[in-house]
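Structure first, then comments.
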2 protein chains.
Amino acid sequence: MSKNDRFYTVRGYQLLNQEDKSLTSGMEDYLEMIYRNMEKEGYIRINTLSRLLNVKPSSATKMVQKLAALGLVDYQKYGIIFLTEDGKKYGKFLLDRHNVIEKFLQNIGITENLLLETELIEHSISKNTMKNIDLLNGFFETHPGVLEEFKKFKEIAGHGIGKT
Amino acid sequence: MSKNDRFYTVRGYQLLNQEDKSLTSGMEDYLEMIYRNMEKEGYIRINTLSRLLNVKPSSATKMVQKLAALGLVDYQKYGIIFLTEDGKKYGKFLLDRHNVIEKFLQNIGITENLLLETELIEHSISKNTMKNIDLLNGFFETHPGVLEEFKKFKEIAGHGIGKT
DNA sequence: TTCATATATTAGTCTTGAATAATAAATTTA
DNA sequence: TAAATTTATTATTCAAGACTAATATATGAA
């Protein structure tokens with residue numbers, strides 16, 4: 001059994017992850033949202049953040065403090081939240097990733113719960129996979145005939161098979 | 001802001017999820033692995049399971065007890081683990097889903113850490129997305145020229161852009 | 001400028017899924 | 001069959017990320 005043939009549970013991967021310096025998916029959710037708002041207004045506040053993420057302010061405070069400790073956000077008690085340079089870089093990456101996944105899902109025909117599906121998937125995508133999905137999106141864009149054909153294919157294949 | 005335009009954190013989605021009867025991703029990992037082994041040997045034991053999942057036996061015991069409580073596995077203390085009919089159905093679904101994701105990743109050119117990537121992604125895929133990705137796999141299979149073209153496209157586009 | 005309201009923080013609790021250590025049952029072997 | 005070994009369970013602990021309740025700070029109005 002080679003090194004990469006081993007199975008791990010999801011929790012196991014999380015534990016592995018914390019050894020390098022990457023963020024937990026919770027932190028990513030927050031950072032991505034802070035980044036979105038930075039682009040619009042240049043800053044964000046705890047209340048806005050918690051409302052946007054559907055979370056209580058107390059949870060947001062806690063997480064923002066963690067992000068601050070990691071040097072990704074710039075903030076002090078009762079204050080306004082900004083991103084540091086590092087935070088902006090990471091945030092941009094997160095938003096790009098989000099958009100890549102969303103575009104891909106649209107391409108293959110997901111219309112319902114598009115945001116929800118994107119949010120769920122994005123955290124589990126590696127940079128390599130993201131890059132390849134991005135390329136696939138680019139391929140579809142430059143080859144519109146292919147997507148057309150896929151749609152036709154779906155209409156035929158999608159009927160009556162009911163493979164779940 | 002429509003119902004589906006709301007953002008949630010990953011944990012938030014988990015909490016929403018636990019209201020319906022679906023399994024946590026942890027449970028899914030276990031059930032899928034049990035199913036794999038059922039196909040090979042007809043049963044599994046705690047030790048094997050924990051070894052395959054890279055987890056301690058105590059963790060496996062705990063999870064198997066939960067799955068038993070949900071009526072998905074058939075087992076009693078110190079005994080051998082089988083799947084119930086429900087467990088088999090769910091397990092088959094999980095394995096199918098795994099294979100769909102893995103095939104997709106292969107199609108777009110993921111070769112490194114294929115298993116790891118699959119494991120991470122599979123839990124966050126809805127049935128609808130799975131169905132559509134499956135159709136995309138089918139499309140690629142019946143239109144080998146398209147994948148060929150994609151490969152060429154990647155060779156050109158993949159150079160020098162370095163979008164991350 | 002003081003009081004009321006809005007906003008943010010802290011402390012403590014819950015759940016999930018890991019881990020360890022101690023214990024118990026089952027199995028092998030002498 | 002008794003002892004040694006393997007296998008499984010229980011009890012307890014830990015971290016993340018949610019929550020609530022209580023408290024603290026800031027801000028706007030009288």
Side-chain angles (χ1 to χ4, degrees), chain A residues 6-19 21-34 37 43-70 73 75-82 119-120 123-124, chain B residues 6-19 21-34 37 43-70 73 75-82 119-120 123-124:
Chain A
R6 277 204 244 111
F7 281 91
Y8 290 95
T9 62
V10 163
R11 180 77 181 125
Y13 286 129
Q14 275 175 237
L15 294 176
L16 282 183
N17 240 6
Q18 76 189 22
E19 280 162 28
K21 75 283 168 237
S22 60
L23 301 189
T24 64
S25 49
M27 291 172 178
E28 287 190 349
D29 285 319
Y30 282 84
L31 191 53
E32 185 184 321
M33 187 56 80
I34 296 169
N37 226 69
Y43 70 95
I44 200 169
R45 324 189 106 268
I46 291 288
N47 253 14
T48 315
L49 184 57
S50 71
R51 187 169 32 76
L52 289 171
L53 289 171
N54 253 271
V55 140
K56 301 293 165 188
S58 57
S59 308
T61 297
K62 208 175 162 191
M63 196 59 102
V64 168
Q65 287 171 344
K66 281 189 197 169
L67 293 173
L70 291 170
V73 312
Y75 125 107
Q76 46 218 62
K77 267 194 185 183
Y78 299 101
I80 278 168
I81 300 156
F82 300 97
E119 284 280 307
L120 284 175
H123 302 291
S124 49
Chain B
R6 276 202 245 114
F7 281 90
Y8 290 96
T9 60
V10 163
R11 180 74 183 129
Y13 286 129
Q14 274 175 234
L15 294 175
L16 282 183
N17 239 8
Q18 76 188 21
E19 281 161 27
K21 74 282 165 246
S22 59
L23 301 189
T24 64
S25 50
M27 289 172 180
E28 287 190 350
D29 285 321
Y30 281 85
L31 191 54
E32 184 184 322
M33 188 55 81
I34 295 169
N37 226 68
Y43 70 93
I44 200 170
R45 326 190 105 268
I46 290 288
N47 253 15
T48 314
L49 185 57
S50 71
R51 185 169 34 74
L52 289 171
L53 288 171
N54 252 271
V55 139
K56 301 292 165 189
S58 58
S59 308
T61 298
K62 209 176 163 192
M63 195 59 101
V64 168
Q65 287 171 344
K66 282 187 197 172
L67 292 173
L70 290 171
V73 314
Y75 126 105
Q76 47 219 61
K77 270 193 182 184
Y78 299 100
I80 278 167
I81 300 156
F82 301 97
E119 284 280 308
L120 282 175
H123 301 290
S124 49

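Just so it is clear, the values below take in all heavy atoms, side chains as well, and ignore hydrogens, waters and symmetry mates. Naming: A, B, ... by sequence-line order, numbering from 1 per chain. Only a predicted model underlies this, so the values are computations on that prediction, with no experimental measurement involved.
Residue A:G26 comes nearest to A:M63 through the heavy atom pair C-CE, 3.7 Å, listed as atom of the first residue, atom of the second, then distance. In terms of heavy atoms, B:A68 sits closest to B:Y75 at CB-CD2, 4.1 Å.
Regarding contacts with the backbone of C:dG17, every side-chain N or O of B:S59 stays at 4.0 angstrom or more from both OP1 and OP2. Dashed line: the shortest gap from a side-chain N or O of B:Q65 to OP1 or OP2 of D:dT10 is under 4.0 Å. Of the side-chain N and O atoms in B:K62, none sit less than 4.0 angstrom from OP1 or OP2 of C:dA19. Residue B:T61 places at least one side-chain N or O closer than 4.0 Å to OP1 or OP2 of D:dT9.
A distance of 12.5 Å separates NE2 of B:H123 from CG of A:L120, quoted to the nearest 0.5 Å. Rounding to the nearest 0.5 angstrom, the gap separating the CG atom in B:L52 from the CD atom in B:E32 is 11.5 Å. With values rounded to the nearest 0.5 angstrom, A:E28 atom CD is found 10.5 Å from A:L67 atom CG.
The distance between atom CD1 of A:I80 and atom P of C:dA6, rounded to the nearest whole Å, is 19 Å. Atom C1' of nucleotide C:dA18 and atom CG of B:D29 are separated by 12 Å, given to the nearest angstrom. Computed from coordinates, the B:M63 CE to D:dA8 C1' distance equals 17 Å when rounded to whole Å. In this structure, the CG atom of B:L53 is 16 Å from the C1' atom of C:dT16, given to the nearest Å. Between the P atom of D:dA16 and the CG atom of A:L23 lies a distance of 12 Å, rounded to the nearest Å. Put simply, CD1 on A:I46 is 14 Å from P on D:dC19, counting in whole angstrom units. If you take CG of B:N47 and C1' of D:dT9, they are 12 Å apart, rounded to a whole angstrom. The CG-C1' distance, from A:L49 to C:dT7, rounds to 14 Å in whole Å.
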**Summary of protein contacts for nucleotides 22-29 of chain D, nucleotide by nucleotide, where a base hit scores B, a sugar-phosphate-only hit scores S (4.0 Å, heavy atoms)** = --BS----

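In the set C:dA18, D:dG17, C:dT9, C:dT9 carries the atom at the smallest distance from any side-chain atom of A:Y75. Each of D:dA16, D:dA18, C:dT20 was ranked by its minimum atom distance to the side chain of A:K66; first place goes to D:dA16.
Contacts of B:S124 classified as side chain to side chain donor-acceptor pair (under 3.5 Å), with partners at least two apart in sequence or in another chain: A:S124.
Inter-residue side-chain proximity for A:Y30 and A:V55 is flagged as met; some heavy-atom pair is nearer than 4.5 Å.
Under 3.5 Å, the side chain of A:S58 and the base of D:dT20 form at least one donor-acceptor pair of N or O atoms.
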